[in-house]
Asker: 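This is the structure, below, for whatever I ask next.
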Amino acid sequence: MITLHRVKRKTGAVWMLRWYDSRGKRCGETIGKVGVMTKRQAEHVRRERQGKLDNRLIPRDRPKRMALQEFLHRDREAVAVDVKPKTIEELRIAADHAIRALGAEYDVQQLDYADVGRIKSHLADRKLASATICKTIRHLQGAFSRGVRLRLLASNPFQGVTLPKVQPKPVRTYQLHEIAAMIAVAPDLWWEALIRLGYTSGLRRGELLNLQWLDVDFDVGIVKVQSKVAGSFVVRDQTYPIFGWTSKSYHDRAVPIPQETVTALQRLKAKSGGSAYVFLGLNRLAEIRAYMAGNDGKLSANYKLVCHFEKSWDDLQAKAEARLSKGQPEPYQWERRTLHDLRRTYGSLMASHVPIHELKALLGHSSIRTTERYYLAVGDDVADRVRSVFSIAASA
């Protein structure tokens, strides 16, 4: 039988559940703070926990003691084959924050809402952005949820925790004449094809760099975003790697592209030298092959497939800005943006031409809420349209 108790502590009174395990040992679990959680709410938690205990959905005996560092390390090992390397790195960073806040040997069975507050305070003290704090807490919440499902933990103290409010950033897009200027100043065909494809397909950076010529249907005019199995290909008796890869959404999709992009890709393929990849040449693949040979045949989570990409992209924008400023009385006001903003430009343009469910499929979003941001983005002509409404009203 689980009973509810009001227990006084130095930090204030708390609600605690108590019961006896199969060996007759008394167990306890704090479920909330008096004043924050009402007695009615605490009693509801008790009844819910009692029902799960009676139906053997949760164990009567408390799990064995496990250090926080060991638990989070085991969790990362358990999900390593199911998630991307970037996610594993984010889980490791979240674990480091929790360990710094509570200590590596802290017993995860004793971790409660107050300890979650200590972790949040630690993150705030480091002056991290609200979005980063939310991501860290969600990763820890997921790790503890998995622990509860596997019956390594009795409860998840992160469940229902209040997260800081995060205001989404406005959708940043390029103007069409800005894209034309970047294409005009592109240093070579590689950059021209990358800009054209990024703008007319909405592919993510990883999807662009992992694109192979087999994914491009020149006759129909589509590019396919599909998973890759690790392997190799041979060109002139030299073996080059093919990297295992899956898209962010874990779904394959086909995106139509215009003839101008098809032509640019055809010209690029004619100069590819036989590489299986659209944007990874044989020289770069040879460098990656050498790196993998000294790293147990693997690429690290943060390894860059293209070197100095951000600097080159910034330089390209500077040249485009100079081109648009030439011969003008005032310098062109260019806002520095990223390659991913080409994807946002594609989404914003397509939002006015295709239904939202079709745009979701084209962009490869897992949630339609993400796609909605493009529909909610305000168009450049909104000021003129608003003024025209009031002009009509004034003349009536």
Asker: Among all residues two or more places apart in sequence or in another chain, which pass the ring pair (Phe, Tyr, Trp, His ring centres under 6.0 Å) test with Phe309?
Answerer: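 Counting only residues at least two positions away or on another chain, Phe309 forms a ring pair (Phe, Tyr, Trp, His ring centres under 6.0 Å) with Trp191.
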Asker: Among side-chain atoms of Tyr332 and Glu178, is any donor-acceptor pair under 3.5 angstrom?
Answerer: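 Glu178 and Tyr332 do have a side-chain donor-acceptor pair below 3.5 Å.
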Asker: Can you check whether His365's main-chain N or O pairs, donor with acceptor, with Lys360's side chain at less than 3.5 Å?
Answerer: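 It does hold such a pair.
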Asker: On a heavy-atom basis, which atom in Ile257 and which in Ser201 lie closest, and how many Å separate them?
Answerer: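 Nearest heavy atoms, Ile257 then Ser201: CG2-CB, 4.0 Å.
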Asker: Is there a donor-acceptor contact under 3.5 Å linking the side chains of Glu29 and Ser155?
Answerer: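 Ser155 and Glu29 do have a side-chain donor-acceptor pair below 3.5 Å.
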Asker: Taking only residues two or more places apart in sequence or in another chain, which ones pass side chain to side chain contact (heavy atoms under 4.5 Å, CB included) with Ala276?
Answerer: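 Only Phe233 meet the side chain to side chain contact (heavy atoms under 4.5 Å, CB included) criterion with Ala276.
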Asker: Verify the distance criterion only: is there a donor paired with an acceptor across the side chains of Ser325 and Glu321 at less than 3.5 Å?
Answerer: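 Judged by distance alone, the side chains do not pair up.
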Asker: Determine the minimum heavy-atom distance between Val225 and Ser247, stating which atoms define it.
Answerer: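 For Val225 and Ser247, the tightest heavy-atom pair comes out as CG1-CB, 3.9 Å.
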Asker: Under the side-chain contact (heavy atoms from CB on, under 4.5 Å) rule, what do Glu207 and Trp245 come out as? Steps first, then yes or no, please.
Answerer: CA-CA 9 Å; Glu207 294 169 347; Trp245 177 83; 3.7 Å; yes
Asker: Can a donor-acceptor pair be found, under 3.5 Å and without considering hydrogens, that links the side chain of Asp112 to the backbone of Pro157?
Answerer: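 Pair absent, no side-chain N/O of Asp112 close to backbone of Pro157.
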Asker: Please step through salt bridge (charged side-chain N to carboxylate O under 4.0 Å, His left out) for the pair Asp115 and Arg118, ending with a clear verdict.
Answerer: CA-CA 5 Å; Asp115 297 314; Arg118 289 169 60 189; 3.3 Å; yes
Asker: Between atom CD of Glu372 and atom CG of Leu359, what is the distance when rounded to the nearest 0.5 Å?
Answerer: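 If we round to the nearest 0.5 Å, Glu372:CD and Leu359:CG are 11.0 Å apart.
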Asker: With side-chain contact (heavy atoms from CB on, under 4.5 Å) as the criterion, how do Leu339 and Leu208 come out once you've worked through the C-alpha distance, each side chain's angles and the decisive distance to 0.1 Å?
Answerer: CA-CA 10 Å; Leu339 175 69; Leu208 289 167; 4.1 Å; yes
Asker: For a salt bridge (charged side-chain N to carboxylate O under 4.0 Å, His left out) check, start with the C-alpha distance between Asp315 and Lys319, then their side-chain angles and the critical distance, and finish with the verdict.
Answerer: CA-CA 6 Å; Asp315 291 343; Lys319 292 178 181 178; over 6 Å; no
Asker: Is there a path of hydrophobic side-chain contacts, each under 4.5 Å between heavy atoms of I/L/V/M/F/W/Y residues, joining Phe218 to Val223?
Answerer: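 In one cluster: yes.
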Asker: Look at the side chain of Asp21 and the backbone N and O of Lys25, then say whether any donor-acceptor pair between them is shorter than 3.5 Å.
Answerer: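 Yes; judged by distance alone, with no hydrogens or angles, the pair exists.
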Asker: Shared ILVMFWY cluster between Leu176 and Trp334, side chains joined below 4.5 angstrom?
Answerer: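 Both belong to a single hydrophobic cluster.
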Asker: One thing to verify: whether Lys86 and Glu89 come together as a salt bridge, which I'm taking to mean a side-chain N less than 4.0 angstrom from a carboxylate O.
Answerer: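 No, this pair does not count.
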Asker: Does any N or O in the side chain of Asp107 come within less than 3.5 Å of the main-chain N or O of Gln109, such that one atom is a donor and the other an acceptor?
Answerer: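 At least one qualifying donor-acceptor pair exists.
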Asker: May I ask you to check whether Tyr346 and Tyr199 place their ring centres under 6.0 Å from each other?
Answerer: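 No, they do not, as the ring centres are separated by 6.0 Å or more.
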Asker: If you look only at distance, which donor and acceptor atoms sit under 3.5 Å apart when one is on a side chain in residues 126-139 and the other is two or more places apart or in another chain?
Answerer:
| from | atom 1 | to | atom 2 | distance (Å) |
| --- | --- | --- | --- | --- |
| Thr136 | OG1 | Thr132 | O | 2.9 |
| His139 | NE2 | Glu90 | OE1 | 3.0 |

Asker: Check which hydrophobic residues are tied to Val14 through side-chain heavy-atom contacts below 4.5 Å, counting indirect links as well, and list them.
Answerer: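 Its cluster partners, ordered by chain and number, are Val7, Met16, Tyr113.
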Asker: Side chains of Arg205 and Thr338: is there a donor and an acceptor less than 3.5 Å apart?
Answerer: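 Looking only at side-chain atoms, Thr338 and Arg205 do not form any donor-acceptor pair under 3.5 Å.
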Asker: Would you say His44 and Glu48 are linked by a side-chain donor-acceptor pair, where the criterion is simply a distance under 3.5 Å?
Answerer: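 No.
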Asker: Of the non-hydrogen atoms in Thr200 and Pro258, which two are nearest, and what is the gap between them?
Answerer: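 Heavy atoms only, the tightest pair is CB-CD, 3.5 Å.
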Asker: Rounded to the nearest 0.5 Å, how far apart are CZ of Arg26 and OH of Tyr20?
Answerer: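 Result: 4.5 Å between the selected atoms.
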Asker: Taking Lys228 for the side chain and Gln226 for the main chain, is one N or O donor matched with an acceptor at less than 3.5 Å?
Answerer: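 Present.
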Asker: With a sphere of 6.0 Å drawn around NE2 of His251, does it hold more than 12 non-hydrogen atoms of other residues, nucleotides or ligands?
Answerer: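 At most 12 heavy atoms, drawn from other residues, nucleotides or ligands, come within 6.0 Å of this atom.
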Asker: Rounded to the nearest 0.5 Å, what separates atom CD1 in Ile179 from atom CD1 in Ile195?
Answerer: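 Rounded to the nearest 0.5 Å, the CD1-CD1 separation comes out at 9.0 Å.
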Asker: Pick out which of Glu70, Glu77, Gln69 makes a side-chain hydrogen bond (donor to acceptor under 3.5 Å, both in side chains) with His73.
Answerer: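 Checked Glu70, Glu77, Gln69 against His73; only one passes side-chain hydrogen bond (donor to acceptor under 3.5 Å, both in side chains): Glu77.
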Asker: Under the rule for ring pair (Phe, Tyr, Trp, His ring centres under 6.0 Å), what residues qualify as partners of Phe243, not counting sequence neighbours?
Answerer: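 Partners of Phe243 under the ring pair (Phe, Tyr, Trp, His ring centres under 6.0 Å) test: Tyr277.
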Asker: For atom CD of Gln328, decide whether the heavy atoms of other residues, nucleotides or ligands shown that lie under 6.0 angstrom number more than 12.
Answerer: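 Buried by this count: over 12 neighbours within 6.0 Å.
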Asker: Return yes if some donor-acceptor pair links the side-chain N/O of Arg253 with the main-chain N/O of Leu362 below 3.5 Å, else return no.
Answerer: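 Answer holds: yes.
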Asker: Decide, yes or no, whether a salt bridge links Asp75 with Arg146 under the criterion of side-chain N to carboxylate O below 4.0 Å.
Answerer: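 Yes.
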Asker: Nearest 0.5 angstrom please: Leu209 CG to Arg284 CZ, how far?
Answerer: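 Atom-to-atom, Leu209:CG and Arg284:CZ are 10.5 Å apart.
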Asker: Quick one, Met182 with Trp313, criterion side-chain contact (heavy atoms from CB on, under 4.5 Å). Give me CA distance, side-chain angles, the key distance, then yes/no.
Answerer: CA-CA 10 Å; Met182 287 194 293; Trp313 186 256; 4.3 Å; yes
Asker: Can you label the angle between the Trp190 ring and the Phe279 ring as parallel, tilted or perpendicular, going by 30° and 60°?
Answerer: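 Correct class here is perpendicular.
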Asker: For Ser348 and Val171, work out which heavy atoms get closest and say how close.
Answerer: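 Of all heavy-atom pairs spanning Ser348 and Val171, the closest is OG-CG1, 3.8 Å.
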Asker: Under a 3.5 Å threshold, yes or no: a donor from one side chain and an acceptor from the other, between Thr239 and Ser232?
Answerer: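 No, because no side-chain N or O of Thr239 sits under 3.5 Å from a partner of the opposite role on Ser232.
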Asker: Any donor and acceptor pair, going by atom type alone, linking the side chain of Ser352 with main-chain N or O of Leu349 inside 3.5 Å?
Answerer: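 It does hold such a pair.
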Asker: Can Asp54 and Gln50 be counted as having a side-chain donor-acceptor contact under 3.5 angstrom?
Answerer: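 A donor-acceptor contact under 3.5 Å links the two side chains.
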Asker: Establish whether Leu214 and Leu285 are linked, either directly or via other cluster members, by ILVMFWY side-chain heavy-atom contacts under 4.5 Å.
Answerer: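 Leu214 does not cluster with Leu285.
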Asker: Do you know the tightest heavy-atom contact between Ser272 and Leu282?
Answerer: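 It is O-CG, 4.4 Å.
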Asker: To the nearest 0.5 angstrom, please state how far the CZ atom of Arg100 sits from the CG atom of Asp96.
Answerer: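 Reported value, rounded in 0.5 Å steps: 5.0 Å.
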Asker: My understanding is that a hydrophobic cluster links ILVMFWY residues whose side chain heavy atoms are under 4.5 Å apart, including indirect links. Using that, what else belongs to the cluster containing Val220?
Answerer: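 Ile222, listed by chain and number.
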Asker: Would you check if the side chain of Asp215 reaches a backbone N or O of Gln212 as a donor-acceptor pair within less than 3.5 Å?
Answerer: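 Yes; at least one donor-acceptor contact below 3.5 Å.
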Asker: Same cluster or not: Leu111 versus Val36, using hydrophobic residues (I, L, V, M, F, W, Y) connected whenever any side-chain heavy atoms lie under 4.5 Å apart?
Answerer: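 Leu111 does not cluster with Val36.
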Asker: Treating Gln317 as the side-chain partner and Arg337 as the backbone partner, does any N or O pair qualify as donor plus acceptor under 3.5 Å?
Answerer: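 Flag set: sc Gln317 to bb Arg337 pair under 3.5 Å.
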Asker: Short question: side chain of Arg46, backbone of Ile2 - any donor-acceptor pair under 3.5 Å?
Answerer: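 Present.
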Asker: Do Phe71 and Ile93 belong together in a cluster built from hydrophobic side chains that touch within less than 4.5 Å?
Answerer: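 No; tracing contacts between hydrophobic side chains, which count when under 4.5 Å, never links both residues.
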Asker: For the residue pair Val216 and Leu265, what are the closest heavy atoms and their distance?
Answerer: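 Closest heavy-atom pair between Val216 and Leu265: CG1-CD1, 4.2 Å.
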Asker: Run the salt bridge (charged side-chain N to carboxylate O under 4.0 Å, His left out) test on Asp314 and Arg336 for me, step by step, so that the C-alpha distance in whole Å, both residues' side-chain angles and the decisive distance to 0.1 Å come before the verdict.
Answerer: CA-CA 7 Å; Asp314 195 62; Arg336 291 292 192 269; 3.1 Å; yes
Asker: List the steps and the verdict of salt bridge (charged side-chain N to carboxylate O under 4.0 Å, His left out) for Glu192 and Arg196.
Answerer: CA-CA 6 Å; Glu192 178 188 343; Arg196 287 188 182 277; 3.1 Å; yes
